[in-house]
Amino acid sequence: MEGDSVTLNSDLTEIMDDDRIQWMFFNTLIAEINKWVNRFTVHDDVLDGRFRDRLKLNKQTGSLTITNTTTEHVGVYGVRINHMSMFFFLTVYDEISVMEGDSITLNSDLTEIVNDDRIVWMFGIETTLIAGIFKPVNNMTVYDDVLDGRFRDRLKLDIQTGSLTITNIRIEEAGYYKVWKTGSKPSLKPLHVFVYAVNVSDVTLSWYKGNSLLSSISVSDLSISLSLPLEIERVNDSYSCVVAYSFTNQTTHLNTELCHTCSDSVHCCGSTEAVIRLVLSALVGVATVILLVYDIRSRRAEQDQAHVHTSEKGAQVH
């Protein structure tokens, strides 16, 4: 995963005095050990500095560690120990999460495709070809009929950058994607796409004063209205209403700016129906929640008291 560290093992338990070890990324030397002169060197400024401050050699075994890996470090690594060679293929996945039904753009990390570039998009462990751009002949193709047509009419290529957009993504399209670029600067970028569905099974509406719970109510049937009245003695912003789902919480506070002092030391609030209206879309139209904290009205002062009683008619979820 991007950001992790990875160690490429030399398979040695200890470097001998006459050992010479060279680490390569494709055909570029990135690290070497010459035990005879006790020299340990990392060439982390090569390839536009993509390995800068990320390479560490183990002075006992000769293994190479790459820290804070990115998709730029994906590719073939080789180690040559005297007259023996080993090769590794490093894959660093960029993880992306998206909700079912949304559109997602998989970036190629290019700002512009140049004349000799070829871009290929693949999906799944079997690396099925799903889209490609061949710039020399200005050809752009989506193969949306593969895999039983699961991508049909939902793949779009950006002719300038080579990025791929999947519209109305579904659960079966979760998995591994790769974009392979050939040309002047070859690269391979793997991505791991997670697609999740949200099923809102219940909603809880709660009133709080500060961190203290005053009252709460829950429903599992979202087709009915949910009301939770609150009566308070003094209007201030310490009161809050929380609507909670299994996947998220949303909070709004009482708005005291619409209230003012009128005759007989009574707090009067405007006749506006809605003090706060918070509209939340519960992810891809699964549910739409409208939280209303409304109609704060003054109450008559008690005969022998100067206390202010303000009634909060309630919060409603539709």
Side-chain angles (χ1 to χ4, degrees), residues 1-97 105-114 116-122 125 127 161-164 175-194:
M1 179 175 144
E2 198 169 26
D4 286 350
S5 296
V6 62
T7 297
L8 307 178
N9 292 311
S10 66
D11 279 351
L12 299 177
T13 55
E14 187 177 0
I15 304 173
M16 299 292 102
D17 288 340
D18 58 346
D19 283 342
R20 184 173 181 181
I21 300 174
Q22 292 180 313
W23 283 98
M24 311 288 291
F25 178 62
F26 290 102
N27 295 319
T28 302
L29 180 67
I30 59 174
E32 59 182 326
I33 297 173
N34 189 332
K35 184 65 173 177
W36 184 259
V37 295
N38 203 33
R39 185 173 64 201
F40 298 80
T41 308
V42 293
H43 304 284
D44 56 3
D45 286 332
V46 298
L47 300 171
D48 299 323
R50 72 180 65 179
F51 291 103
R52 188 172 292 124
D53 300 324
R54 286 184 166 95
L55 299 179
K56 296 181 180 179
L57 281 168
N58 187 307
K59 293 185 178 181
Q60 179 177 341
T61 65
S63 296
L64 178 68
T65 297
I66 309 168
T67 63
N68 191 23
T69 55
T70 71
T71 53
E72 285 188 317
H73 305 129
V74 171
V76 178
Y77 292 79
V79 58
R80 182 177 178 86
I81 306 172
N82 301 326
H83 302 292
M84 178 188 71
S85 296
M86 291 189 300
F87 296 93
F88 308 83
F89 186 83
L90 177 63
T91 299
V92 181
Y93 285 97
D94 189 4
E95 294 187 349
I96 304 172
S97 294
T105 296
L106 307 179
N107 293 313
S108 67
D109 288 345
L110 299 175
T111 55
E112 187 178 3
I113 303 173
V114 296
D116 60 343
D117 283 344
R118 181 176 181 180
I119 310 293
V120 175
W121 281 97
M122 296 165 285
I125 301 299
T127 60
T161 65
S163 296
L164 177 69
Y176 295 98
Y177 292 78
K178 296 184 181 73
V179 55
W180 177 264
K181 174 186 171 293
T182 61
S184 56
K185 294 183 178 179
S187 64
L188 175 65
K189 179 183 178 181
L191 305 101
H192 192 185
V193 175
F194 296 90

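All values below come from the heavy atoms of this structure, side chains included, with hydrogens, waters and symmetry mates left out. Positions are given from 1 along the sequence.
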Which side-chain N or O atoms in residues 73-82 pair as donor and acceptor under 3.5 Å with protein atoms at least two apart or in another chain?
residue : atom : partner : partner atom : Å
H73     : ND1  : T70     : N            : 3.0
H73     : NE2  : R50     : O            : 2.7
Y77     : OH   : H73     : O            : 2.7
R80     : NE   : N82     : O            : 3.4
N82     : OD1  : R20     : N            : 3.0
N82     : ND2  : D19     : OD1          : 2.8

Item to check | R54 atom CZ, over 12 foreign heavy atoms within 6.0 Å | outcome: yes

Checklist entry - What are the two closest heavy atoms between I113 and L110, and how far apart are they? => result CG1-CD1, 4.4 Å

Item to check | Point-to-point distance, once rounded to the nearest 0.5 Å, from CD1 of I66 to CG of L8 | outcome: 5.0 Å

Checklist outcome for this item: The side-chain contact (heavy atoms from CB on, under 4.5 Å) partners of S63 (sequence neighbours excluded) come to T7, N9, S10, N58, T61

Next on the checklist: Can you tell me how far apart CG (D44) and CD1 (I30) are? Round to the nearest 0.5 Å.
Outcome noted: 9.5 Å

Item to check | Rounded distance (nearest 0.5 Å) linking atom OG1 of T13 with atom CD of Q60 | outcome: 7.5 Å

Checklist entry - Excluding sequence neighbours, so at least two apart, what forms side-chain contact (heavy atoms from CB on, under 4.5 Å) with K178? => result Y93, M122, T127, L188, P190

Item to check | Pairing residues for K189 by the side chain to side chain donor-acceptor pair (under 3.5 Å) criterion, not counting sequence neighbours | outcome: D109

Checklist entry - Which heavy atom in I21 sits nearest to a heavy atom in G62, and how many Å separate them? => result CD1-CA, 4.0 Å

Checklist outcome for this item: The side chain to side chain donor-acceptor pair (under 3.5 Å) partners of D45 (sequence neighbours excluded) come to R52

Checklist entry - Looking at side-chain heavy atoms only, is the closest gap between L191 and I96 below 4.5 Å? => result yes

Checklist entry - Does the pair L164 and V179 meet the rule for a side chain to side chain contact (heavy atoms under 4.5 Å, CB included), with working shown? => result CA-CA 9 Å; L164 177 69; V179 55; over 6 Å; no

Checklist entry - Do you know which two heavy atoms are closest between W121 and N107, and how far apart they sit? => result CH2-O, 4.1 Å

Checklist entry - Rounded to the nearest 0.5 Å, what separation is found between the CG atom of N68 and the CG atom of D4? => result 9.0 Å

Checklist outcome for this item: Residues pairing under side chain to side chain donor-acceptor pair (under 3.5 Å) where one sits in residues 22-39, two or more places apart or in two chains, turn out to be E32-H43

